[in-house]
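Scroll down for the structure; my scribbles are underneath it.
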Protein chains: 6
Amino acid sequence: MKATVSRKAHFNAAHRLFNKNWSFEKNDAVFGKCNNPNYHGHNYELIVSVTGEINEETGFVIDVAILKELIEVEIEAAFDHKNLNLEVPEFESLNPTAENIAVVIYNKLKPKLDAALELEITLYETPRNFVRYSGD
Amino acid sequence: MKATVSRKAHFNAAHRLFNKNWSFEKNDAVFGKCNNPNYHGHNYELIVSVTGEINEETGFVIDVAILKELIEVEIEAAFDHKNLNLEVPEFESLNPTAENIAVVIYNKLKPKLDAALELEITLYETPRNFVRYSGD
Amino acid sequence: MKATVSRKAHFNAAHRLFNKNWSFEKNDAVFGKCNNPNYHGHNYELIVSVTGEINEETGFVIDVAILKELIEVEIEAAFDHKNLNLEVPEFESLNPTAENIAVVIYNKLKPKLDAALELEITLYETPRNFVRYSGD
Amino acid sequence: MKATVSRKAHFNAAHRLFNKNWSFEKNDAVFGKCNNPNYHGHNYELIVSVTGEINEETGFVIDVAILKELIEVEIEAAFDHKNLNLEVPEFESLNPTAENIAVVIYNKLKPKLDAALELEITLYETPRNFVRYSGD
Amino acid sequence: MKATVSRKAHFNAAHRLFNKNWSFEKNDAVFGKCNNPNYHGHNYELIVSVTGEINEETGFVIDVAILKELIEVEIEAAFDHKNLNLEVPEFESLNPTAENIAVVIYNKLKPKLDAALELEITLYETPRNFVRYSGD
Amino acid sequence: MKATVSRKAHFNAAHRLFNKNWSFEKNDAVFGKCNNPNYHGHNYELIVSVTGEINEETGFVIDVAILKELIEVEIEAAFDHKNLNLEVPEFESLNPTAENIAVVIYNKLKPKLDAALELEITLYETPRNFVRYSGD
């Protein structure tokens with residue numbers, strides 16, 4: 001029997017949306033106020049969902065305490081109270097949109113999980129905007 | 001890489017559930033207090049989810065500002081503070097259940113999106129009841 | 001020792017905001033789209049808060065099961081799935097704004113409670129707009 | 001046209017996580033404070049999602065009032081204010097993890113639904129931990 | 001200038017409501033299913049609110065990191081994943097109603113805070129039932 | 001009859017907590033990771049609460065559409081997608097803690113309201129941390 005276990009986490013960060021290869025004017029036209037060179041920020045709400053077989057002995061797909069710890073070590077320690085553009089190496093040349101942050105989180109967590117487990121990342125940039133990525 | 005971008009929106013409306021081809025008694029038996037001829041109403045919470053490739057230059061599947069504007073023009077302007085039965089043409093002969101409202105929203109938004117994008121509509125009629133429709 | 005016990009409840013209703021003594025034009029200028037003669041509606045979220053001494057034998061200010069029942073009988077049965085303007089006598093000549101609905105709820109519940117208990121009504125008309133009334 | 005209708009429900013229960021075939025020490029190592037022999041408890045939030053064709057006459061996949069009643073009779077009456085380990089027969093020899101509770105709920109509800117309807121169970125054990133099961 | 005700083009926390013626990021001096025029948029009549037001798041449980045959501053002067057040098061009423069730590073040490077360590085009746089000494093002869101739990105939390109935290117600070121405890125026993133206590 | 005009308009709003013911003021008159025070390029000791037010189041950020045949720053007499057002709061304490069507009073012009077336009085330290089003049093020499101942001105919002109809105117109305121500001125810096133200020 002296969003089930004999906006999800007764990008919510010949280011980090012606060014500053015960011016700026018822009019494409020380094022574009023002029024300020026083009027960035028302004030595409031990213032608007034998100035292109036503020038002084039940065040703005042968000043409380044990112046993260047949901048990490050892991051799908052796999054329910055272990056018959058434990059009744060767990062994955063121990064949520066292990067999942068919580070993994071998110072803390074790999075994601076919260078790297079992203080929380082950080083400036084994503086300046087302090088998170090993955091965004092040195094990658095625009096930190098919600099879509100790209102979700103991809104980076106997926107790529108950081110996937111190799112740490114048993115290969116038989118599927119992974120899906122849901123990331124709320126604001127309570128009204130969120131994205132989902134599952135490695136496709 | 002494919003991701004899903006979701007945007008939440010909101011509209012308030014009055015409605016009445018009934019089938020015009022049925023007697024009042026049959027409508028009452030099937031729709032109960034939702035068949036009140038004087039109408040009742042809801043704060044509908046809408047989630048519009050768009051799935052597609054992440055654009056390499058922008059980092060967006062779709063600019064959420066464009067999606068927000070599209071929902072305002074196509075859905076909020078047409079439904080907000082309206083009586084769905086009396087003032088929204090799509091429900092002249094279609095019962096405005098949550099399922100049917102989701103279908104109507106899907107059909108209004110789909111042609112406005114790039115054909116390569118998939119669309120899913122989630123509609124909360126109350127905080128405890130919601131529906132999902134994705135064109136199947 | 002005094003504490004406050006709160007219970008959340010919920011009702012859906014249609015309403016229209018207008019002053020019967022005003023012209024349609026004046027109502028339109030003041031109430032805008034809320035003056036739609038075909039009505040619109042909301043999921044009202046209600047919080048009933050009762051303050052009083054903690055009973056030493058039960059550990060209760062008021063048994064929340066009794067409070068829940070009182071709200072069902074006095075408020076939900078009267079307001080849920082109703083058109084407030086047409087079907088709730090208190091609004092025959094009273095504009096059903098959130099403020100006035102809170103006052104009506106207060107006035108219906110207060111006499112049903114032990115006189116030593118204080119009462120406060122919080123009413124969400126939408127997730128973003130709410131009012132509070134406590135008999136002052 | 002196929003849509004999914006979801007209904008939220010709620011029950012409070014006590015439980016203890018452990019494997020009867022293991023020593024207390026092994027249970028402690030695997031389940032930590034969840035292995036407390038005096039039990040702890042949760043407010044479980046349940047979402048029952050039913051997928052099927054929208055009926056052309058009613059506009060419903062399933063009448064949500066019927067779904068609500070089914071959840072009350074089959075799940076809330078059996079689980080609410082209960083000790084899952086001691087009072088719910090399905091957990092006599094099954095560890096009441098969120099995964100296993102979701103499977104039990106699925107197995108109780110599935111035979112009560114029209115065979116053409118698909119079922120998915122989402123169960124929040126806490127606001128931060130939840131599971132999903134759909135019979136795979 | 002005086003402001004109020006609030007911090008949310010969370011603990012899960014089992015409990016049973018009853019008065020040791022009453023017969024089982026009387027307890028059953030008053031506490032109903034909450035009197036289940038096998039216990040039931042809740043995810044308690046706690047809001048600790050501290051009111052005082054804003055310090056001119058820090059801009060804080062109280063450092064929320066200190067408040068978070070205080071709640072972890074005094075409340076979460078004592079209550080989380082516990083059976084309140086059997087494992088929390090304050091409830092040995094005090095019925096663990098939400099009102100009484102709020103009073104106990106207030107009494108544990110108040111002496112740990114600067115005497116100039118006012119304290120208010122809000123405790124959600126379920127998402128629909130909550131209590132408030134501020135030492136009156 | 002007096003009631004309180006509340007309106008929720010939202011802005012995203014970057015900030016850094018520090019006291020310009022202190023060494024980096026002292027700031028680090030007091031503000032920890034909030035003192036990151038590259039900034040971090042939040043989705044601030046704002047509740048503006050206005051208390052006053054219910055107008056007999058309108059049934060309003062204040063028209064919530066006017067309150068919404070006032071918050072947009074005075075607060076959202078000034079704070080949203082901004083770096084509070086660098087771009088909001090009130091924080092040039094004032095540490096942008098949640099407490100101080102609430103005071104600044106109060107001071108910006110109070111003179112725009114009828115003098116007979118009382119004002120209270122509630123500001124969520126994260127879903128778990130919030131402050132309240134009402135001019136005392």
Side-chain angles (χ1 to χ4, degrees), chain E residues 1-12 43-77 79-80 105-106 109 113-114 116-124 127 130 132-136, chain F residues 15-23 26-36 40 42 44-49 84-85 88 90-108 110 118-136:
Chain E
M1 286 178 311
K2 267 178 121 171
T4 300
V5 171
S6 295
R7 171 76 192 169
K8 285 194 192 178
H10 179 93
F11 59 90
N12 313 323
N43 300 327
Y44 292 92
E45 294 286 334
L46 170 65
I47 305 174
V48 176
S49 300
V50 173
T51 301
E53 291 292 323
I54 303 175
N55 181 294
E56 282 191 26
E57 286 204 300
T58 60
F60 286 155
V61 168
I62 185 172
D63 182 347
V64 84
I66 290 171
L67 188 57
K68 180 190 176 199
E69 167 95 8
L70 184 65
I71 298 168
E72 285 171 1
V73 170
E74 296 294 327
I75 309 302
E76 293 178 39
F79 291 7
D80 189 36
I105 291 172
Y106 180 94
L109 293 179
L113 294 169
D114 185 304
L117 297 170
E118 295 161 51
L119 176 63
E120 185 178 65
I121 301 302
T122 305
L123 184 70
Y124 281 75
F130 59 100
R132 213 161 261 174
Y133 178 69
S134 53
D136 292 337
Chain F
H15 78 157
R16 172 197 176 185
L17 297 189
F18 73 118
N19 180 325
K20 287 183 173 176
N21 304 317
W22 291 354
S23 67
K26 182 157 184 195
N27 274 305
D28 219 44
V30 172
F31 298 112
K33 58 188 180 177
C34 298
N35 179 39
N36 181 345
H40 65 285
H42 298 288
Y44 291 93
E45 295 285 336
L46 171 65
I47 304 173
V48 176
S49 301
L84 298 180
N85 301 75
V88 179
E90 285 85 352
F91 300 111
E92 212 177 325
S93 57
L94 183 70
N95 196 8
T97 58
E99 289 92 326
N100 282 337
I101 301 171
V103 170
V104 166
I105 291 172
Y106 180 95
N107 289 339
K108 287 171 78 87
K110 190 71 180 71
E118 296 162 50
L119 177 62
E120 185 179 64
I121 302 302
T122 305
L123 184 70
Y124 282 74
E125 191 173 82
T126 74
R128 302 211 149 199
N129 299 335
F130 59 101
V131 301
R132 212 162 262 174
Y133 178 68
S134 51
D136 293 335

Is [X] in contact with chain F via its backbone, its side chain, both, or neither, using a 4.5 Å heavy-atom distance?
X	answer
Ala9(E)	backbone
Val64(E)	side chain
Ile47(E)	side chain
Ile66(E)	neither

For a 4.5 angstrom cut-off between non-hydrogen side-chain atoms, does Phe60(E) reach Asn95(F)?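 No. Closest side-chain heavy atoms not under 4.5 Å.
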Contact origin within Pro127(F) toward chain E - heavy atom pairs under 4.5 Å: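 The backbone, not the side chain.
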Please flag which part of Ile121(F) lies under 4.5 Å from any non-hydrogen atom of chain E: side chain, backbone, both or neither.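 Neither part.
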Nearest 0.5 Å, please: how far is [atom2] in [Y] from [atom1] in [X]?
X	Y	atom1	atom2	value
Glu56(E)	Asn19(F)	CD	CG	11.0 Å
Arg132(F)	Glu120(E)	CZ	CD	8.0 Å
Lys68(E)	Asn129(F)	NZ	CG	8.5 Å

If you look at every heavy atom in Asp63(E) and Val30(F), which pair is closest and at what distance? OD2-O, 3.7 Å
Considering all heavy atoms of both residues, which atom of Thr97(F) and which atom of Thr58(E) are nearest to each other, and what is their separation? CG2-O, 3.4 Å
Which one wins on heavy-atom pair count under 4.5 Å against chain E: Phe18(F), Tyr124(F), Tyr133(F)?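 Heavy-atom pairs under 4.5 Å are most numerous for Tyr133(F).
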Please check: side-chain N/O of Glu99(F) versus main-chain N/O of Val61(E), any donor-acceptor pairing under 3.5 Å?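 Between the backbone of Val61(E) and the side chain of Glu99(F) there is a qualifying donor-acceptor contact (under 3.5 Å).
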